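Predicted, not measured: the structure shown is a model, and the values here were computed from it.
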Amino acid sequence: MAERRTVPHGSWKSPITSDLIVSQSVGLSQPAIDGDDVYWIEMRPSEGGRNVIVRYEASRGTSDVNPQPFNARTRVHEYGGGDYVVNRGTVYFSNFADQRLYKEIQGTAPRFITPEAELRYAEPIVDEKRNRLICVREDHTIAVREAVNTIVTLTLEDSDDRGTVMVAGNDFYSSPRLSPDGSRLAWLTWNHPGMPWDGTELWIGELNVDGSLGETSHVAGGISESIFQTEWSPDGTLYFVSDRNGWWNLYRLAGGSVEVVCEKKAEFGMPQWVFGMSSYAFESAERIVCTYGERGMSRLATIDTRTLKLDPIDSTYTDISYVRAAAGQAVFRAGSPTEPPSIVKLDLKAGKVEVLRRSNNLKIDAGYISIPRAIEFPTEHGLTAHGFFYPPQNRDYRAPENERAPLLVKSHGGPTSAAATALSLSIQYWTSRGISVLDVNYGGSTGYGRAYRERLKDQWGVVDVDDCVNGARYLVGEGEVDSNRLMISGGSAGGYTTLCALTFRDTFKAGASHYGVSDAEALAKETHKFESRYLDGLFGPYPERRDIYYLRSPINFTDRLSCPVIFFQGLEDKVVPPNQAEVMVRTLRVKGVPVAYVVFEGEQHGFRQAKNIKRALDGELYFYARVFGFELAEAVEPVEIANLP
């Protein structure tokens, strides 16, 4: 091995370039098993962020189901998920452009089965007995009215069928599940101002001979109990995940009463930002394959439904989701600090793992990969917060003696979400250039129980900011990083935390907001239905507590913001409209603070096009290089920075 060169942090040459990341990477989600075949969705930045359903056949390999220009992506709740269902080789999917449901029989072109209308559909299931679909529908046909969510049935052949309503009356529905004999339907529901991780209800209903819904009953859940993922076992027993004991654990309905299946200080559930999420599945009536999280790390296991014994499965994967199963096998998405998120098939008898698709097939030398270290650090009120620390790592370079690394603090979105540990090239992009990264699971994050999740109640813009600040200070105190080169970056809700940290604290010296919230009041008034009352639990009810919304909006206190900021914004963002960033940018320009503004046409809330993902990565690096004065090892496209000396 060649001797390592001594070069300042930030100036290390890395093989992990933005071109490499976007040219060979895809997003992976929503695996499904249909007979001997496995399906999943690939989000392809190289195709403008198109969602492609992929079929894997053991004898033929992979093939695309939906051809160009079809994009399998629903807009229910705006965040989608539950974009398709497959049954005996026939695929039904939502198309992004027109939000109609399409049917595709293998070897034929997709054809629509719903009419052209302002209707959206999600999480379809097939009712074979009655030749129909059951799904969630979101009705936008009356523009001046809030969208109406229901559970509906749709015939499989009639292209004029808008849907026959089965369940209605509440604000939100998800997870329709049909019992194996087709006689009962289960579903989840909740109402404003709650979010699904606050409280949901699990209901079941008997189906009449004509397929209509008969008598219904409430099984579990309420305004302070969150139910996640209900499923029927092959023997007709109803299972579900509930956090009634403070942790998302697995339960079932047996003999008319609820009993715990696995009680553990671990999370078998996750926040339902999208439809179609799954942490467990039935290999048979006697065995469940599941994943659960402990201290931010995923584990894989099986549960014997007769003895209720949990048997861990040895695995190197630390980030596992979308669990599906069939006789003798399980399929899921999984990653680890050295493996990117992948669609994985597990032979349960042999214990053999087969990777069907990696999010990228790049072969990067381990000498360039930073392995995260789970850290706990003290924060306000004598509490402890969590994060994953990635030190700089590049086999070709070392820093000058006594030089501490810059630190980029990452504030995840949501805010009810969590940082993951699967190999992320967008993190390695920084660490391989000599910049440390701290991915913070601030109070309010998932994966640490309900009490930790509820730390953010009425405290958004306070607790999250405190934890990001204290995480950075902790690493400074440990001698890991340079206190004069602390940066913070986040997208969406993470962008809000970033802007609050830069405005209301003086710890960070620069930052980047990716489609971040700066005006909490505007968000409360302008955002879409799913999140329209989310802020009630994060700040307080609006407009009753308008004072809090004002006081915690960085846009109202730009006089306190005096460090450089770069903003990245999609011009078609309906969740956080561009005007929020634009007001901040104009104010900072007038004030004389270094500021940059990079906009992307055709992008919504989050960037899906390869060229824009590349631009955002390189633009943020360029910005910090100019602000802190370090030379880049490779040329990147510059961004215009106002007020930079």
Side-chain angles (χ1 to χ4, degrees), residues 24-34 37-45 49 51-56 62 65 72-73 79-86 93 123 175 228-229 231 241 248 267-283 288-294 296-302 313-326 329-348 352-362 412-413 417-427 446-447 606 608:
Q24 299 189 45
S25 295
V26 298
L28 297 172
S29 65
Q30 302 177 57
I33 301 173
D34 182 53
D37 301 336
V38 178
Y39 294 72
W40 61 84
I41 279 186
E42 295 184 5
M43 191 284 287
R44 297 176 178 171
N51 273 10
V52 181
I53 303 167
V54 176
R55 177 189 294 111
Y56 172 80
T62 60
V65 172
R73 181 182 169 204
Y79 296 112
D83 300 308
Y84 79 104
V85 67
V86 57
F93 68 91
E123 208 165 9
S175 313
F228 170 84
Q229 191 197 349
E231 303 285 354
V241 172
W248 268 317
E267 300 278 56
F268 288 78
M270 53 200 78
Q272 297 176 69
W273 281 103
V274 296
F275 293 93
M277 304 172 79
S278 174
S279 65
Y280 69 96
F282 291 92
E283 182 270 339
I288 296 170
V289 182
C290 64
T291 182
Y292 58 91
E294 290 182 311
M297 300 276 203
S298 296
R299 305 286 185 259
L300 193 64
T302 61
I313 297 174
D314 288 337
S315 170
T316 59
Y317 295 118
T318 58
D319 182 35
I320 304 168
S321 58
Y322 289 112
V323 178
R324 310 294 184 198
Q329 64 175 311
V331 174
F332 45 87
R333 185 180 69 182
S336 76
T338 58
E339 282 287 325
S342 304
I343 301 296
V344 176
K345 183 178 180 181
L346 172 64
D347 184 321
L348 291 167
K352 179 184 176 182
V353 169
E354 179 183 4
V355 176
L356 303 182
R357 178 70 160 107
R358 288 182 170 85
S359 56
N360 67 71
N361 290 311
L362 302 173
H412 65 70
S417 186
T421 54
L423 177 63
S424 168
L425 295 183
S426 61
I427 287 180
T446 55
R608 299 171 67 90

Restricting to non-hydrogen atoms, name the atom on Phe332 and the atom on Ser321 that form the minimum distance, rounded to 0.1 Å.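 That closest heavy-atom pairing would be CB-O, 3.5 Å.
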What are the two closest non-hydrogen atoms of Arg608 and Asn51, and how far apart are they?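 Nearest heavy atoms, Arg608 then Asn51: NH2-OD1, 2.8 Å.
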Apply side-chain hydrogen bond (donor to acceptor under 3.5 Å, both in side chains) to [X] and list each qualifying residue two or more places apart in sequence or on a separate chain.
{"X": "Ser417", "value": "none"}
{"X": "Thr291", "value": "none"}
{"X": "Asp319", "value": "none"}
{"X": "Ser426", "value": "Ser424"}

Would you indicate whether the side-chain heavy atoms of [Y] and [X] approach each other to under 4.5 Å?
{"X": "Ser279", "Y": "Tyr292", "result": "no"}
{"X": "Pro340", "Y": "Leu423", "result": "yes"}
{"X": "Leu300", "Y": "Tyr317", "result": "no"}
{"X": "Trp40", "Y": "Thr62", "result": "yes"}
{"X": "Glu42", "Y": "Leu28", "result": "yes"}
{"X": "Val54", "Y": "Ile343", "result": "no"}
{"X": "Arg55", "Y": "Val86", "result": "no"}

To the nearest 0.5 Å, how far apart are [atom1] in [X] and [atom2] in [Y]?
{"X": "Met270", "Y": "Phe228", "atom1": "CE", "atom2": "CZ", "answer": "4.5 Å"}
{"X": "Ser29", "Y": "Asp83", "atom1": "OG", "atom2": "CG", "answer": "7.0 Å"}
{"X": "Cys290", "Y": "Phe282", "atom1": "SG", "atom2": "CZ", "answer": "10.5 Å"}

Holding to salt bridge (Lys or Arg N to Asp or Glu O under 4.0 Å), I want the full list of residues that pass it with Glu339, two or more places apart in sequence or in another chain.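 With sequence neighbours excluded, Glu339 shows a salt bridge (Lys or Arg N to Asp or Glu O under 4.0 Å) to Arg358, given in chain and number order.
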Sequence neighbours excluded, which residues qualify as salt bridge (Lys or Arg N to Asp or Glu O under 4.0 Å) partners of Arg324?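 If we apply the salt bridge (Lys or Arg N to Asp or Glu O under 4.0 Å) test to Arg324, skipping adjacent residues, there are no hits.
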Side chain of Gln229, backbone of Val241: donor and acceptor closer than 3.5 Å?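 No.
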Assign the ring pair Tyr79 / Trp273 to parallel, tilted or perpendicular, where the plane angle (0 to 90°) is split at 30° and 60°.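 The arrangement is perpendicular - the two ring planes meet at more than 60°.
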